[in-house]
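First comes the structure, then the notes that go with it.
Residue numbers begin at 1 in each chain, while the letters A, B, ... track the order of the sequences. Not measured: the values here are computed from a predicted model.
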There are 2 protein chains.
Amino acid sequence: MVRPTDSTQPRTIKEIAAVAGVSKSTVSRVLNDTPGVSPKARELVRSAIEATGYQPNRAARSLVTRATGSIGLVVSEAHARIFSDPFFASMVRGATQVVRPLGIHLVLMLAEDQRARDQLLEYLRHGHVDGVLFVSTHAADPLPRILVAERLPVVLSGRPVSRLQVSYVDVDSVAGAGLAVEHLLELGRRRIATIAGPQDMPAGQDRLRGFTEALAAHGVRPGPVAYGDFDRGSGARAMEELLASGAPFDGLFVASDLMALDALAVLREHALRVPEDVAVVGFDDSVAATQARPALTTVRQPVEEMAKALTLTLLDRIKDPDAPITSRVFPPKLVRRAST
Amino acid sequence: MVRPTDSTQPRTIKEIAAVAGVSKSTVSRVLNDTPGVSPKARELVRSAIEATGYQPNRAARSLVTRATGSIGLVVSEAHARIFSDPFFASMVRGATQVVRPLGIHLVLMLAEDQRARDQLLEYLRHGHVDGVLFVSTHAADPLPRILVAERLPVVLSGRPVSRLQVSYVDVDSVAGAGLAVEHLLELGRRRIATIAGPQDMPAGQDRLRGFTEALAAHGVRPGPVAYGDFDRGSGARAMEELLASGAPFDGLFVASDLMALDALAVLREHALRVPEDVAVVGFDDSVAATQARPALTTVRQPVEEMAKALTLTLLDRIKDPDAPITSRVFPPKLVRRAST
DNA sequence: CGTCGCTGTGGGACCGTTCCCATCCCACCG
DNA sequence: CGGTGGGATGGGAACGGTCCCACAGCGACG
């Protein structure tokens with residue numbers, strides 16, 4: 001409550017006006033880059049601000065502009081998983097880089113359970129932030145839809161399941177799976193299996209589609225397919241299925257690193273060598289990929305760049321909420337390690 | 001900028017006053033739990049607020065109270081590492097739980113490099129947040145000291161290196177190391193080595209001290225000691241050192257999970273079985289611990305509880321900046337897995 | 001030479017709270 | 001029965017910006 005009163009520093013626009021010898025209106029104009037200020041006055045104000053280290057009062061500005069200068073970073077992941085991902089770290093770093101020079105606050109908001117979700121919705125409805133960044137791989141989340149309907153600027157990381165009038169930023173999963181397949185083909189592998197993700201999620205669909213299309217493009221028949229849910233644990237079951245199917249394979253594309261980790265363990269249990277007997281490629285380039293043994297070859301998303309695009313898109317939307325939807329899809333990159 | 005105008009919902013205290021049939025002063029009093037309002041009026045206002053779903057305007061309130069209703073969560077970790085830790089996830093969850101019901105914003109702030117650090121400092125100085133939560137294991141960080149000197153409420157997670165007039169919340173590292181040692185002793189191991197952390201960090205010091213003290217308490221002579229820097233990679237060197245020392249050992253306490261991961265790999269390379277030949281205990285219970293093979297027995301901190309305490313301490317400090325320092329140290333817990 | 005218009009500037013209302021202060025009412029006491 | 005004091009209440013000034021509007025100054029043009 002008690003703020004240290006820096007008696008030396010000017011805290012109001014009026015004081016700056018006095019220092020610069022102009023009216024507070026002119027100072028305000030300079031602060032907001034409004035045209036119609038003489039170069040002389042502009043310079044006068046600028047140097048007064050420079051000299052005093054003045055920063056405008058957020059609250060006062062917010063009160064009249066009805067903008068908060070904050071955007072919400074909603075993490076609607078039930079598990080801790082999203083944090084345990086370098087994905088999240090890079091996301092935050094990218095968003096921060098965009099937001100910091102503008103003095104916009106990145107407000108962290110968790111939606112762990114239904115109650116939190118309800119509270120959050122109520123909160124966002126009251127305009128406590130100017131817009132929302134969704135860093136959620138959980139495509140079924142109803143929150144984005146609701147907020148879009150309420151006309152709150154929203155941008156998603158990851159393509160939404162259904163046709164939703166919302167901008168998003170995503171990695172090209174189809175191309176990513178293609179990269180993986182082509183890498184395996186280049187290594188001379190011809191019998192390529194896959195552990196696919198859940199088919200009710202865009203990422204799951206696209207990665208499987210990229211797999212089959214890339215093989216088709218090279219005239220290679222796809223090997224056996226099993227399904228997991230992207231998470232740790234589900235990959236083991238799928239791997240067992242593949243092995244039980246009897247269909248031979250010397251290459252394996254797994255739609256997530258976490259499942260690939262399971263796959264590696266199961267392969268080892270079955271005394272199959274990686275990469276000699278089976279070359280394995282994952283997806284995500286999560287922290288698990290480097291910690292795996294052997295270290296996992298995987299498909300990386302340019303997350304930081306994506307985060308910047310995401311944030312910029314949101315800021316655009318906040319400036320003009322009626323602008324048309326603009327989504328961006330980024331190209332992935334193959335990171336080669338010891339598993340291929 | 002353009003906020004959806006919910007024409008139906010009252011947005012001002014005046015409107016609530018009209019609905020309740022009182023003056024805006026009385027509404028304000030009810031909102032702030034100020035005494036001196038008749039029960040009748042209080043109830044009238046309460047139900048008016050309830051009925052309309054009114055929420056006071058942050059900016060207007062902030063303007064006059066000179067408090068922002070936001071606290072900064074400063075992550076002053078250069079690497080992405082802190083995010084990749086369930087530690088961080090739990091930290092955020094704990095802080096959120098405290099902060100959400102109070103309508104206080106948790107503003108995420110990164111201090112990746114020196115430039116960011118300078119900007120951040122400048123920013124915090126201008127009172128854009130009411131207080132700062134430091135989630136930084138990096139004890140040498142000068143930021144807390146500066147902010148304390150500027151009289152900005154600050155609370156640290158992790159004991160600071162030097163005597164700093166600041167509250168902190170930490171896990172009892174000495175006791176944690178003790179748990180690890182006692183566990184190994186119970187398993188019948190008598191020759192116990194350790195890979196200690198850096199001795200210029202409190203956590204490094206305490207974990208080594210706990211190790212030696214616990215052994216001394218049981219009259220067991222400590223085995224060889226090697227040092228790492230807590231990070232991935234440094235554990236391998238230390239492990240090699242221990243093996244090269246020639247001193248035999250059947251138990252190993254490693255001061256961080258990441259180093260323990262390295263140790264496991266080196267032990268495997270040397271054809272030593274875990275836990276048969278060497279039982280290994282880590283520290284932190286990071287995500288790496290469960291992903292290790294064999295899964296790592298380790299010492300866990302009650303992070304979420306610690307985060308709550310951290311946040312509550314900060315809020316207390318904001319309320320009364322001159323209150324005496326109050327730090328809390330939490331007891332750790334041993335999590336037994338396959339490596340012992 | 002008067003008027004018009006245009007650029008640059010300043011004054012002041014307003015945003016939605018809090019909080020100080022004045023006022024009112026009522027009970028109690030001398 | 002008038003005076004007093006204290007609790008409840010309301011009015012209005014502030015908080016520090018933005019932005020509308022009025023107006024000064026000045027060159028151009030009829």
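- Applying the 4.0 Å criterion to OP1 and OP2 of dG17(D), one finds that Y54(A) has a side-chain N or O inside that range.
- Residues L310(A) and L314(A) form no side-chain contact, since every pair of their non-hydrogen atoms from C-beta on lies 4.5 Å or further apart.
- Applying the salt bridge (Lys or Arg N to Asp or Glu O under 4.0 Å) test to every pair with at least one member in residues 37-57 of chain B, sequence neighbours left out, gives these pairs: D33(B)-R42(B).
- Remark: E304(B) engages R93(B) in a salt bridge (charged side-chain N to carboxylate O under 4.0 Å, His left out) (not counting sequence neighbours).
- Here R100(A) pairs with E112(B) under the salt bridge (charged side-chain N to carboxylate O under 4.0 Å, His left out) rule; sequence neighbours left out.
- Of the possible donor and acceptor atoms, one in the side chain of T65(B) sits under 3.5 Å from a partner among the backbone N and O of R61(B).
- Rounding to the nearest 0.5 Å gives a distance of 4.5 Å between CD1 of I13(A) and OG of S28(A).
- The stretch residues 100-123 of chain A participates, sequence neighbours left out, in these ring-ring contact (aromatic ring centres under 6.0 Å, His included) pairs: H105(A)-Y123(B), Y123(A)-H128(A), Y123(A)-H105(B).
- Contact check for I104(A) versus I71(A): side-chain heavy atoms found under the 4.5 Å cut-off.
- Panel note: side chain R58(A), backbone L63(B); no donor-acceptor pair is recorded below 3.5 Å.
- Nearest-nucleotide assignment on DNA chain D puts the 5′-proximal partner with R42(B), out of V64(B) and R42(B).
- Distance, R61(A) CZ to dC15(D) P: 19 Å, rounded to whole Å.
- If you measure from atom CD1 of I13(A) to atom P of dC15(D), you get 15 Å, rounded to the nearest angstrom.
- Counting heavy atoms from C-beta on, the side chains of N57(B) and T12(B) never come closer than 4.5 Å.
- For the helix from dC1(C)-dG30(D) to dG30(C)-dC1(D), the angle separating the two terminal helix axes comes to 70°, with each axis derived from five pairs and the value rounded to 10°.
- Comparing A60(A) and G21(B), the nucleotide of DNA chain D nearest to each residue sits closer to the 5' end for G21(B).
- Using a 4.0 Å cutoff to heavy atoms of chain A, the contacted part of DNA chain C runs 5' to 3' from dG8(C) to dG16(C).
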Review item, nucleotides 22-24 of chain D N/O atoms under 3.5 Å of protein N/O:
none

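- Taking CD of Q165(A) as the reference point, atom CZ of R145(A) lies at 10.5 Å (rounded to 0.5 Å).
- Between the CG atom of L110(A) and the CG atom of L120(A) there is a distance of 9.0 Å, given to the nearest 0.5 Å.
- Contact annotation: the side chain of R11(A) never approaches that of Q55(A) to less than 4.5 Å [non-hydrogen atoms, C-beta and beyond].
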Would you tabulate the pairs of protein nitrogen or oxygen atoms and nucleotide nitrogen or oxygen atoms of nucleotides 4-8 of chain D closer than 3.5 angstrom?
none

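- By the 4.0 Å N-to-carboxylate-O rule, D322(B) lies close enough to R151(B) to be salt-bridged with it.
- Partners of A307(B) by side-chain contact (heavy atoms from CB on, under 4.5 Å), not counting sequence neighbours, listed by chain and number: M91(B).
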All N/O pairs under 3.5 Å across the protein-nucleotides 26-28 of chain D interface:
none

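- What separates CD1 of I16(B) from P of dG10(D) is a distance of 15 Å, to the nearest Å.
- A heavy-atom distance below 4.0 Å to DNA chain D is reached by these residues of residues 24-33 of chain B, ordered by number: K24(B), S25(B), T26(B), R29(B).
- Heavy-atom minimum distance, R317(A) versus S167(A): NH1-OG, 4.1 Å.
- Using a 4.0 Å cut-off between charged side-chain N and carboxylate O, R66(B) and D130(B) make no salt bridge.
- When the side-chain nitrogen and oxygen atoms of T12(A) are compared with OP1 and OP2 of dG16(D), none of them lie within a distance under 4.0 Å.
- Listed by chain and residue number, K319(B) satisfy the side-chain contact (heavy atoms from CB on, under 4.5 Å) test with D316(B) (two or more places apart in sequence, or in another chain).
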